[in-house]
Structure formats: structure tokens, C-alpha cells
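Okay, so here's the structure we're looking at.
Just so it is clear: chains get the letters A, B, ... in the order the sequence lines come, proteins before strands, and each one is counted from 1. Below, each value reflects all heavy atoms present in this structure, side chains not excepted, and no hydrogens, waters or symmetry copies. None of these values were measured; they are calculated from a predicted model.
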There are 2 protein chains.
Amino acid sequence: MNCAECPVRDAAECHALHQQDPEAFAVLARARVTAPAASLILRAGESASRVFTLYEGWAFRFTLMSDGRRQILGFLLPGDMISLRGLFRRMTFSVQALSDVRLCAFDAEDFREAIKSSPLRERLVQRLILDAAAADAQVAVLGRRTALQRIVHLILDLDGRLKNRGLAGGDDDDMELPLRQNHIGDALGLSRVHVSRTLAVLRDRGAIALGRSGIVLNDRATLRGLAGEVF
Amino acid sequence: MNCAECPVRDAAECHALHQQDPEAFAVLARARVTAPAASLILRAGESASRVFTLYEGWAFRFTLMSDGRRQILGFLLPGDMISLRGLFRRMTFSVQALSDVRLCAFDAEDFREAIKSSPLRERLVQRLILDAAAADAQVAVLGRRTALQRIVHLILDLDGRLKNRGLAGGDDDDMELPLRQNHIGDALGLSRVHVSRTLAVLRDRGAIALGRSGIVLNDRATLRGLAGEVF
DNA sequence: CGGTCGATTGATGGTGCTCAACTCGTGTGG
DNA sequence: CCACACGAGTTGAGCACCATCAATCGACCG
């Protein structure tokens with residue numbers, strides 16, 4: 001069982017780790033785990049005993065507010081590491097499967113040992129920095145963007161990440177994102193009703209289509225024009 | 001010149017690094033630098049040639065949006081590291097002095113060398129994780145909180161951080177935060193006008209006073225009641 | 001066939017933005 | 001010393017954006 005089996009390309013963490021230090025990576029004990037859609041993969045407050053990379057399917061990180069509302073902190077795509085921070089500290093967020101998922105699971109103790117003297121460690125520091133930068137960017141989006149811009153930004157961001165992994169086609173290909181409007185609202189600080197209305201605007205302008213199981217991108221140029229940012 | 005001179009107590013990064021590995025830390029070349037209020041300390045896009053810890057005064061991290069608006073990502077207090085991420089990647093944000101500041105400056109190359117085989121490195125990884133978690137928390141605040149709650153949260157957060165460093169007194173002591181309403185708005189995604197109105201509400205309820213040079217906390221119990229979170 | 005989940009649409013109202021005028025304190029140059 | 005500009009804050013009026021509540025609808029499923 002080898003991570004090279006993952007249908008995930010260059011930019012994905014799982015693959016990148018393997019490239020970085022094939023020997024150290026190869027020696028790690030790992031298991032393949034599956035989890036059904038909507039199941040909890042990790043709970044806030046735990047110190048993770050296993051580290052996961054997402055092999056197939058989508059998931060999301062979230063916290064629950066004291067009033068019971070949910071804030072989604074980010075979406076996890078095939079190739080992403082799920083619980084890197086859990087190696088060093090208790091988790092501050094929970095992770096839930098969005099679709100049925102398959103995971104590579106590494107024993108946390110093994111993993112910590114493996115990175116003590118390995119370029120893997122450098123790679124993981126880079127990943128922590130990228131995570132922090134992504135969270136900063138999300139702060140800017142929530143602080144300064146309208147509902148329309150937030151949604152367009154999210155769609156293009158996900159599309160771009162998928163494209164980096166070879167999981168989405170070129171500019172002319174349609175791409176379906178398996179998100180419920182519920183999730184979009186919880187990620188962007190919007191009500192479900194307003195997400196519905198805003199998506200309707202995008203559909204009426206021809207930028208997207210609303211399929212049975214998610215949003216279909218079919219005019220990225222229009223979306224980029226609406227984003228108000230460089231994409 | 002030694003970081004132990006800093007008027008900063010246990011929880012501050014500068015001091016904690018020193019405790020973690022006094023020898024490695026003591027050998028680092030360092031210089032004391034001053035910068036006037038409003039001066040730029042670091043620019044987004046640079047790869048930092050020096051690492052700073054904030055010795056005295058306040059600063060903030062920010063990015064500029066394409067429309068020219070500013071999003072403040074966080075405030076930096078005495079004892080905070082300023083450019084840790086700049087050791088490994090180009091900066092994704094700029095840093096500006098809020099007041100006159102004094103900095104400890106370390107050469108980045110020296111610093112990278114020093115942490116290669118030192119418990120300092122472990123400490124810095126912890127710091128990166130805490131930074132990422134703080135950014136996640138800010139996403140939740142901006143996504144789910146009203147203007148009043150955001151402002152109360154910011155005030156209590158800053159007060160708590162200062163208290164951890166011995167830079168603020170107990171619950172009965174007044175504490176003045178040297179923030180312009182401008183900064184509060186840019187940090188919390190609110191207009192300056194609305195910040196003014198919201199602070200007026202807090203003042204009328206007796207939770208704060210508005211001094212000439214900042215906000216004065218004088219009733220933390222009332223503030224905690226308004227925060228809608230555990231503090 | 002009833003039940004549930006996700007999405008849509010309408011009506012209504014509140015939170016917070018924008019524009020504008022004004023105050024107050026401070027610094028600056030004639 | 002005064003006039004003036006300037007930055008920061010305050011206050012009012014009007015409105016845009018988005019939340020909330022409620023009703024409905026289609027798809028899917030046991």
C-alpha cells in the first residue's frame with residue numbers, strides 16, 4: 001500500500017511528502033481507512049493518535065459556537081493532510097466528512113519519530129505556514145467582501161486547488177463541486193437563504209449551473225470578473 | 001544586551017525562547033532597533049533578512065485589498081515574534097508600528113542555523129500552530145459575531161494577552177488600549193462610523209471609557225457578559 | 001404514501017454602510 | 001498669536017445588504 005496510488009498529483013501534500021523523502025515516508029506504518037459521508041473524523045480537544053491524509057473524497061474543518069451554530073474553517077480536498085497540528089497540540093477544530101472518504105492513516109508516534117531527522121520536517125513546517133496564511137486570507141475575505149464575492153472566491157479557490165492536483169480539467173471543462181448550500185453558508189458567514197439567492201444570481205448571469213449534487217462551474221471568466229481579486 | 005531585559009513575562013515568546021534553550025539563544029547575534037509610530041516594519045512579499053521580536057510598543061499585521069482597503073490580521077504586543085514565517089517563506093502580510101516600538105532583531109540566517117538542532121525549533125513549531133489556531137478563531141469571530149460582540153471580543157482578547165505577560169493589572173485595574181477606532185474597524189471588518197457608535201453603546205453601559213489615547217477597560221464583568229463566549 | 005432533506009421564494013425587519021456635517025484637539029506656518 | 005489644516009471622533013439621515021420567519025416544492029427513500 002503506497003501513497004503513490006493516490007489519484008492525487010504534484011501539489012498534493014501526500015504526494016509531496018513522498019517525493020521529499022521516499023525512504024522515511026515509505027517506512028511509516030499506514031493503514032487505509034474509510035468513513036461515510038457526514039461522519040466525524042476528528043473531534044476538537046483530542047490530541048490525535050493518528051495522522052491522516054485525505055485520499056479520496058471531501059471533508060471540512062469546523063468549530064461549534066456557544067450558540068450551537070457552526071463555523072466551517074476550511075474544506076479539505078484529496079491530497080490534503082487532515083491532522084498535522086494534532087501531532088503537536090490538541091486539535092482546536094473538528095473534521096467531518098463531506099462525502100464518503102478514504103484516508104491514509106499514520107500512527108502519530110511513528111510520524112513524530114520519522115520527522116525528527118528528515119526533510120519531511122521542513123516540508124511540514126512549510127505546510128503549517130501555508131495553513132496560517134490561508135486562514136489569514138479567509139479573515140480578509142470575511143472582513144471585506146460581499147456575499148457574492150465570498151461565494152465566487154470560494155468556488156474559484158476550490159477549483160484552483162483541484163486543478164493543482166489534476167482533479168479538475170482546464171478552463172473549458174465543467175467542474176462540479178459537491179457542496180450543500182448549508183456548507184457554503186457556514187463557511188462564509190452567510191445564511192442558507194442568502195446563499196440560495198446569491199447562487200441564483202450567479203446562475204442567471206450564466207457563471208454557474210446548479211446541478212442535483214452541487215455547483216457546476218461553466219464560465220470561469222465571468223466568475224473571475226466578479227471575484228474582485230486576482231485569480 | 002539580553003532579551004531578559006524585556007519588560008515581558010512568562011508567556012511572551014521572547015522570554016519563552018530564552019528559557020527553552022538559553023545557550024542557543026544567547027549566542028544569536030542581535031541588535032536593538034527602534035521604529036516610530038506608523039512606520040512600516042515589514043512589507044508583504046519580502047523574504048525577511050531579519051527576525052524581530054517586539055520588545056516594547058504595539059504593532060499590527062495587515063494586507064491591502066485590491067480596492068485599497070486595509071484588513072488588519074492581528075495585533076502584536078510586547079513579547080510577540082513578528083516575522084517567524086518570514087524565516088521560511090515570503091511574507092504574506094505587512095507589519096506596521098502602532099506606537100513607537102523597540103525591537104530585538106536577529107539575523108535570519110543565524111536564526112535558521114541556530115534552530116537546526118535545538119529545542120528552539122520545537123518551540124517555533126508550537127508558535128506556528130498557535131498562530132494558525134488564532135487565525136481560525138478570528139475567522140469564526142468575523143463569520144458569526146455582531147459588531148458589538150466582535151469589539152468586546154477584541155478588547156478582552158488584548159487585555160488577556162497583556163495580562164499573561166504581566167503588562168496589565170488584575171480585574172479591578174483600568175487598562176488603556178492605544179487603538180484608534182480606525183484600527184478596530186479594519187481589524188473587525190466594520191466601518192469607522194459603526195465602531196464609533198458601538199463603542200458609544202459600551203460606554204453608555206459603563207463597560208468602557210473612551211480616553212484621549214485609547215479605550216479604557218473599567219468593567220470586565222460587563223464585557224464578559226456581552227462577549228457571548230467564555231473569557 | 002408520508003417523511004425528510006435541500007432548495008427556493010416572498011415578506012419583513014435589523015444591522016451596519018455611506019454620505020455628510022460638525023466638533024474637538026493638535027500641530028504648523030505666517 | 002492667530003489662522004488654518006489636519007486627523008480623529010461624533011452624530012444624523014437614508015439605504016443596501018443580509019438575516020429571519022414562513023410557506024412551498026421537488027427529489028429521494030423507507
Taken in chain and number order and not counting sequence neighbours, the residues that satisfy side-chain contact (heavy atoms from CB on, under 4.5 Å) with A:D67 are A:M65, A:R69

Distances under 3.5 Å between nitrogen or oxygen atoms of protein and nucleotides 21-27 of chain C:
none

Would the number of heavy atoms belonging to other residues, nucleotides or ligands and lying under 6.0 Å from CZ of B:R224 be above 12? yes

Roughly how many Å is it from [atom1] in [X] to [atom2] in [N], rounded to a whole number?
X	N	atom1	atom2	value
A:R145	D:dC18	CZ	P	13 Å
A:I215	C:dT8	CD1	C1'	15 Å
B:L210	D:dG9	CG	P	9 Å

With sequence neighbours left out, the residues meeting salt bridge (Lys or Arg N to Asp or Glu O under 4.0 Å) with A:R150 are none

In A:L188, A:I184, A:D186, A:N182, the residue satisfying side-chain contact (heavy atoms from CB on, under 4.5 Å) with A:V195 is A:I184

Q) Does the side chain of B:D136 come within less than 4.5 Å of A:T63's, by heavy atoms? A) no

Output yes when a side-chain donor or acceptor of B:Q96 lies under 3.5 Å from a complementary backbone atom of B:A38, and no otherwise.
-> yes

Are the side chain of A:S39 and the backbone of A:A35 linked by a donor-acceptor contact shorter than 3.5 Å? no

Fill in: Within 45° cone and under 6.0 Å: B:R102 NZ/CZ vs B:Y55 ring
no

- request: Please check the phosphate of C:dT8 (OP1 and OP2 only) for any side-chain N or O of A:Q181 closer than 4.0 Å.
  value: yes

### Message
Looking at C:dT8, I'd like to know if its phosphate oxygens (OP1 or OP2) sit under 4.0 Å from a side-chain N or O belonging to A:R203.
### Response
yes

Rounded to 10°, the angle between the first-five-pair and last-five-pair axes of the helix from C:dC1-D:dG30 to C:dG30-D:dC1 is 20°

d(A:L76 CG, A:L54 CG) to nearest 0.5 Å is 6.5 Å

Contact check, residues 182-200 of chain B vs DNA chain D, heavy-atom distance under 4.0 Å, returns B:N182, B:V193, B:S196, B:R197

- Item | Sidechain N-carboxylate O distance under 4.0 Å for B:D107, B:R50 | no

With sequence neighbours left out, the residues meeting ring-ring contact (aromatic ring centres under 6.0 Å, His included) with B:F75 are none

